[in-house]
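The structure appears below as structure tokens.
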Amino acid sequence: MSAPTRTDAAALPAVPLPDAGQAREALRMRRMIYGHLRSRAVCAMAELGLADLLADEGPLGAPALAERTGADPALLTRLLRALAAFGALEATGPTPPVRYRLTPLGATLRSDAPGSALPTALLALSATGPAWQRLPRVVREGRPAYADEHRVDFFAHLDADPWLRDVFDRSQETGLALELRGVFDVLDLAGTGVVVDVGGGDGALLAGLLAARPGLRGVLVDRAAALPAARARFAAAGLAERCEAVEGDFFGTLPTGGDLYVLRHILHDWDDDSCVRLLRSCRAAMPPGARLALVDHMADPADDPERAEWGALMDLYMMTLFDGGRERGRAETEALLHRAGFTVTAVTRLPGGSAVVEARPARPVRQAPDAHDTDADRALDVVLHWMGGYLTRPHPELGRPGAVCPFVEPALRAGTVRTRTVRGITPDRAREELHALVDGLADELDTTDWAHSNRTLHTAVAVLPDLPRPLWRLLDETQAELKPALARRGLMLGQFHPDCPEPAARNPRFRVSRSPLPLLAMRRMALHDVLFLHRDPALFAEYRRRFGDRYARGAAVDPLFRQVYEEAEQAMSEGSGAR
């Protein structure tokens, strides 16, 4: 038999050969492809209870572990070797008999480990993992895979399976342990009397908050199947007298009277419209001065690689489980809150990829003509988004730093912007009807029980979504006609519409009052209104009567305001002398 000869490279099939960089990336991609096996190995370690066995009995060899778990010794040996290669275990020696012990990473699968990953692994093994396998189909068909895999949607599956409900609750609880300290550090609970935990599951978050703040009381709202575990937790923690667990649909009516409403990892289960409905339910239940806190994953593509990767994984997770479920970045989260009538007051990133988003109602519950008027809701959404975006931000053509309207953001934050839609303006009586509408807005300012005592923040807005374009000019004319009478009452009327010619005070070329829908907005006269009242002696006299002492005593005033005020005062004096 002749010796084997080396194959001539020229005789090999024409296979493209990668260079060193391409080969490195190809191997890296294969590791990603086979990464599912790493997950399965860790989940097998969880199901076999290896972490608890090794924690209780010290380093053990494969035969002993196989005996205790009922596993095949040879195959378990191979699994243990893989887990050691992945960093979850450590082999005590290179020669038999090899025994294995936990590494700090592997110890996170102990059932008693702080922040234990065990319930999450069991959940992935039994319920969520199979749906991940259908990801290509999810992407192609545009619907989640969980119901296809289990013949029932996720939450119905939890309600019907006590074991799965317990695993899910424990996964939520141990995940909370990773966030709770950060949540405590972020949320200012001073002055908070009642916390309402919306969709609070087994009560782990609410129990943690109440245990840390003895003066708090709590209300947990969730599906009926979640309440027994919550009540048991409150009783075991000695919190039963301070905490109530009630059945409720968070798309419907929620308990009223809370000072702080909390939603932890709730929004990522739902599509955008459902999130807005949920948030509006919270908004409707919240009394003046109440706050909202969202605790959720938050990842944007520009984040650091570790946070961005975690956010991407969680987004794929949601995609396979829920119809419309997704992880959102900061801008997307803030957009949902604006649509639902909230103003974001703070966003704080937590270690591990989550964030706490704090918000306050931007205004009282909408005064639409009909609570079920979807078109009115949509119109108010559009206007609120414009107010919370355009009016609260700087603009390069404004001619000064700061927001387009400096009062809008604090007014939204204080909940002192009242909005309503007005329909059916009669074309041949439009002028009279608009005058009557303005009178109503003025009365509203005087008769409303405002949530904040700062009168300069009180604002009444009437949106006219179906006002025909030829009548938009009447808004400009109405503002000019009624301006003197309103000024005598200390009120200012602003008109806004897509064609509004009103210029910015510092840049006459910038049409500052153009809005997506026609509307009228009324507020009380403020210091900066000298820019709008100085040209008319009668109007300026009303301004000087209210704010003249500020200038007379040399109080801090914008230099432009002072210049305009002094020029108007001089012109008024010269006019009086001429007469």
Side-chain angles (χ1 to χ4, degrees), residues 152-162 164-166 168-169 172-173 176 183 187 192-210 216-235 237 239-296 321-325 336-337 339-342 357 359-361 364-366 371-372 377:
V152 65
D153 71 47
F154 183 75
F155 290 115
H157 197 181
L158 293 184
D159 291 349
D161 187 333
L164 186 61
R165 160 61 71 175
D166 180 62
F168 174 76
D169 285 344
Q172 293 291 94
E173 176 186 355
L176 172 64
V183 172
L187 289 181
T192 301
V194 178
V195 177
V196 180
D197 189 355
V198 181
D202 71 343
L205 173 60
L206 191 55
L209 292 174
L210 267 61
L216 287 180
R217 298 185 62 82
V219 179
L220 180 142
V221 187
D222 211 321
R223 300 155 70 101
L227 300 185
R231 290 175 179 140
R233 178 182 293 279
F234 298 147
L239 299 171
E241 297 299 316
R242 295 168 51 202
C243 196
E244 181 183 7
V246 299
E247 180 179 354
D249 175 4
F250 49 48
F251 292 113
T253 301
L254 293 172
T256 60
D259 300 298
L260 175 65
Y261 285 71
V262 179
L263 291 88
R264 176 180 176 267
H265 296 304
I266 301 295
L267 295 188
H268 69 176
D269 295 342
W270 304 95
D271 62 84
D272 286 355
D273 289 343
S274 297
C275 288
V276 172
R277 285 173 53 211
L278 192 163
L279 291 168
R280 285 178 183 161
S281 295
C282 294
R283 176 65 191 86
M286 295 170 71
R291 297 177 293 147
L292 178 75
L294 308 179
V295 183
D296 228 324
L321 263 61
F322 302 112
D323 190 6
L336 293 181
L337 287 162
R339 282 182 60 191
F342 288 90
V357 182
R360 288 186 180 273
V365 178
R366 291 170 171 163
H372 302 290
D377 248 8

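Just so it is clear, the structure is predicted and the values come from calculations on it, not from any experiment.
Looking at every heavy atom in both residues, Tyr261 comes nearest to Val198 through CD2-CG2, 4.3 Å. Looking at every heavy atom in both residues, Met286 comes nearest to Leu292 through CE-N, 3.8 Å. In plain terms, the two heavy atoms of Leu279 and Ala340 that are nearest each other are CB-CB, 3.4 Å. When all heavy atoms of Gly203 and Leu220 are compared, the pair lying nearest together is CA-CD1, 3.4 Å. Nearest heavy atoms, Ile266 versus Gly199: CD1-O, 3.5 Å. Residue Ala235 comes nearest to Ala240 through the heavy atom pair CA-CB, 4.2 Å, listed as atom of the first residue, atom of the second, then distance.
Of the charged side-chain nitrogens involved, at least one lies within less than 4.0 Å of a carboxylate oxygen, so that Arg165 and Asp169 count as a salt-bridged pair.
For the atom pair NE2 (His157) and CG (Leu321), the distance works out to 11.0 Å, reported to the nearest 0.5 Å. Note that CG of Leu336 and CG of Asp272 are 5.0 Å apart. Values are rounded to the nearest 0.5 Å. To the nearest 0.5 Å, atoms CG (Leu187) and OG1 (Thr192) are separated by 8.5 Å. Here the CG atom belonging to Leu337 is positioned 7.5 Å from the CG atom belonging to Leu267, to the nearest 0.5 angstrom. With rounding to the nearest 0.5 angstrom, the SG atom of Cys243 is 5.5 Å from the CG atom of Leu210.
Using a 4.5 Å cut-off on side-chain heavy atoms (C-beta onward), Val196 and Val221 make contact. Residues Leu263 and Leu278 have side chains in contact (heavy-atom distance under 4.5 Å, counting atoms from C-beta outward).
Test Gln172, His265, Arg264 against Leu205 for side chain to side chain contact (heavy atoms under 4.5 Å, CB included) and you get one pass: Arg264.
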Acceptor/donor pairs from residues 245-259 side chains to any protein atom, 3.5 angstrom cut, sequence neighbours excluded:
unit_1 : atom_1 : unit_2 : atom_2 : d
Asp249 : OD1    : Phe251 : N      : 2.9
Asp259 : OD2    : Gly193 : N      : 2.8
Asp259 : OD2    : Val194 : N      : 2.8

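Arg242 places no side-chain N or O within 3.5 Å of a backbone atom of Gly218 that could act as its donor or acceptor partner.
Listed by chain and residue number, Phe154, Phe155 satisfy the ring pair (Phe, Tyr, Trp, His ring centres under 6.0 Å) test with Phe322 (two or more places apart in sequence, or in another chain).
Legend: salt bridge (charged side-chain N to carboxylate O under 4.0 Å, His left out) pairs involving residues 221-233, not counting sequence neighbours, sorted by first then second residue: Asp159-Arg223, Glu173-Arg233, Asp202-Arg233.
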Practice task
Go through Val262 and Val195 one step at a time and tell me if the side-chain contact (heavy atoms from CB on, under 4.5 Å) criterion holds.
Solution key: CA-CA 7 Å; Val262 179; Val195 177; 3.9 Å; yes
